[in-house]
Amino acid sequence: MTNDNNAELTGFAALGISGQLLKATHAAGFTQPKPIQEQAIPAQIEGRDILGIAQTGSGKTAAFALPILSKIIGLGTRRRPKTARALILAPTRELAVQIEETIKVLAKGAHISTALVLGGVSRHSQVKRIAPGVDFLIATPGRLTDLVREKDLVLSETTWLVLDEADRMLDMGFINDVRRIAKATHPARQTALFSATMPDEIAELAKGLLRDPVRVEVAPQGTTATEIKQSVVFARTKQKRQVLSKMLADEAMRSVIVFARTKHGADRVTRDLERDGFEAAVIHGNKSQNARQKALNGFRDGSVRILVATDIAARGIDVPGISHVVNFDLPDEAESYVHRIGRTGRNGQDGVAVTLVDPSENAKLRQVERIIRMKLPVLADHLDQPDPQPKPRQPNGERRLEAANDHESGRQQGKPRNVNAGARKHQGNGPKGAKPAGGRPSGRQEWSEQASAPRPGGQNKPEGAKPRKFRRRPRKPAARAA
DNA sequence: AAAAAAC
């Protein structure tokens, strides 16, 4: 109702943000609300639940943080020990760190406490931090579950719950943890769920957790930003290193993420790049949290131009100004391609995505092309070259990466020979992606959820817990199916 | 088979 009198208000003020919070929002460079913010902020201020379909970079964090902040700011600093007023759940540690940073910036000048709860770093300091109670808790599911089970954290007072990148939490097998966590929060909570895609499991989860949600959708799934110029380069695995180094010699590649399929592969690419005289940082799940953060910081502040990463960075990592994404390998999940290249071309800036494709990856390439509903133009084809030829002939050599299209015009829909060859080769393959049938990850141990119903068995649950509801596991009748 | 995430 206040807005009726404020028709002249614009920007975030018109969405219901005011006072110090509005000031900090502006100071942080948020002046023009993004579509998702325009839709989600007023609804949440009214108390509505949100079902958001949006990628990172769409402005999600401010979309859920601002309305919660605007309410928490009025609540004063009296908090129950070991509780959190708002809980933000994220799939990866990096994303959690990022979210906390954004919230801190937005909350600047207000007396808002935040805490980060994630694995890989000292548990004790986190326990100490939440001991007096906090306003915002940003967490990954593993450590959060740990703290709740050990009663270092109590969620019953949590009246705001945000699930970020819910589809990814599903992929990572967190869905049951998420359910359990949600169940432990205040029953009258306000909930927002964000997901880049909406598979059935997520729709079902949303149905269980959200009450009459406002549906907010910003970019149709499966589409890639038009500002990203995509292309492929055919090169055999052995040639890729050299091809990559040649590419990186182009100084138009100011800020580059190179994606590898495996952790080992990421390390190898990094080593090769360094051997070729490039400075590169690497990030993957086998690195310590410290090393991961350092790599990311160096890349973000521009001191390192090249970041080599596994799919840990495919989603969620929000580094502005990334000029190029190079897929050294195609991802196993075709969907991942969309997320990877989405690291560039943000905020209306141009981006370039180049994918190196070995003939053995042709099947994956076709999957990707199906998902993005376009055929990727071929920027270069090194497959004709005999294997170990260090100096590739280069008629007009280094063509700008931006000139992604001319090669294609030569081929038009003439299907590059090599693609066909590969396609044939892969045709005989069995039903790919055959999922493990029964699929239910079988709920893990429950924490103290049963606390109200004292377990007759006494202490914990060693092997003795017979009534394991989900424990059937009727050994496969036909084990030969393998 | 890979990646992420709790010790």
Side-chain angles (χ1 to χ4, degrees), chain A residues 56 88-99 116-127 130 137-153 163-181 195-196 257-269 282-293 295-296 308-317 327-340 343 360-361 363-364 367-368 426 429-436 441 443-448 460 482:
Chain A
T56 315
I88 321 295
L89 216 47
T92 66
R93 301 170 187 169
E94 275 70 22
L95 183 55
V97 169
Q98 237 169 241
I99 292 171
L116 209 44
V117 160
L118 36 75
V121 292
S122 152
R123 188 183 182 288
H124 179 64
S125 56
Q126 294 172 358
V127 170
I130 55 181
L137 188 63
I138 303 95
T140 51
R143 179 63 63 86
L144 184 82
T145 300
D146 178 12
L147 294 191
V148 173
R149 198 195 314 113
E150 300 300 322
K151 303 227 179 2
D152 289 313
L153 170 66
L163 307 177
D164 204 0
E165 308 255 359
D167 50 350
R168 197 168 185 207
M169 293 204 265
L170 172 74
D171 290 345
M172 289 164 67
F174 285 147
I175 197 88
N176 285 325
D177 300 72
V178 169
R179 282 212 173 86
R180 201 171 333 128
I181 289 165
S195 192
I257 294 196
V258 180
F259 281 105
R261 195 177 58 90
T262 64
K263 294 183 269 203
H264 184 65
D267 281 333
R268 198 172 45 230
V269 169
V282 62
I283 183 169
H284 60 61
N286 275 2
K287 294 281 181 188
S288 74
Q289 196 53 36
N290 209 311
R292 282 156 64 165
Q293 201 57 47
L296 205 50
V308 183
T310 58
D311 278 335
I312 189 179
R315 302 199 202 190
I317 301 295
N327 293 309
F328 193 84
D329 309 299
L330 274 161
D332 282 324
E333 278 308 325
E335 182 71 26
S336 220
Y337 173 88
V338 179
H339 297 297
R340 285 181 176 187
R343 299 311 99 203
S360 68
E361 297 175 294
K364 284 184 196 165
Q367 283 179 29
V368 165
H426 280 82
N429 280 355
K432 143 145 214 204
K435 292 258 156 87
R444 299 204 284 213
Q445 77 280 34
E446 320 221 324
W447 62 43
S448 51
N460 22 20

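Each chain gets a letter, A, B and so on, in the order the sequences are listed, and its residues count up from 1.
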Residue set satisfying side-chain contact (heavy atoms from CB on, under 4.5 Å) with A:Ser122, at least two apart, ordered chain then number -> A:His124, A:Ser125
Would you kindly give the CG-to-P distance between A:Leu296 and B:dA4, to the nearest whole Å?
-> 14 Å
Residue A:Thr262, side-chain heavy atoms: nucleotide from B:dA4, B:dA2, B:dA6 that is nearest = B:dA2
Side-chain contact check for A:Arg149: nearest option of B:dA4, B:dA2, B:dA6 is B:dA6
State which of B:dA6, B:dA2, B:dA3 makes the closest approach to the side chain of A:Thr310.
-> B:dA3
Got a sec, which residues hit side-chain contact (heavy atoms from CB on, under 4.5 Å) with A:Arg168, two or more places apart in sequence or on another chain?
-> A:Pro91, A:Thr92, A:Glu165, A:Met172, A:Arg315
Determine: side-chain N/O of A:Thr140 to OP1/OP2 of B:dA4, distance under 4.0 Å, yes or no.
-> no
For A:Arg93 and B:dA5, give me the distance from atom CZ to atom P, rounded to whole Å.
-> 5 Å
Salt bridge A:Arg123-A:Asp152, side-chain N to carboxylate O under 4.0 Å | yes
A:Lys263 side-chain proximity, nearest of B:dA2, B:dA4, B:dA5 = B:dA4
Side chains of A:His339 and A:Asp311: is there a donor and an acceptor less than 3.5 Å apart?
-> no
Taken to the nearest whole Å, CZ/A:Arg180 to C1'/B:dA5 is 14 Å
Between A:Lys287 (NZ) and B:dA3 (P), how many Å, whole number?
-> 14 Å
Would you mind reading off the distance between A:Asp167 atom CG and B:dA5 atom C1', rounded to a whole angstrom?
-> 16 Å
For A:Arg168, answer base if it contacts any base atom (sugar-phosphate contacts may also be present), sugar-phosphate if it contacts only those atoms, and nothing otherwise; contact means non-hydrogen atoms under 4.0 Å.
-> nothing
Rounded to the nearest 0.5 Å, what's the gap from NE2 on A:His264 to NE2 on A:His284? Could you check?
-> 10.0 Å
For B:dA3, take OP1 and OP2 only and decide whether either is under 4.0 Å from a side-chain N or O of A:Ser336.
-> no
From CD of A:Glu94 across to P of B:dA4 the rounded distance in Å is 9 Å
Reckon A:Arg292 touches a base, only the sugar-phosphate, or nothing at all at heavy-atom distances under 4.0 Å?
-> sugar-phosphate
When the distance from CG of A:Asp177 to P of B:dA4 is rounded to whole Å, what number comes out?
-> 18 Å
May I have the distance from A:Arg340 (atom CZ) to B:dA2 (atom P), rounded to whole angstrom?
-> 15 Å
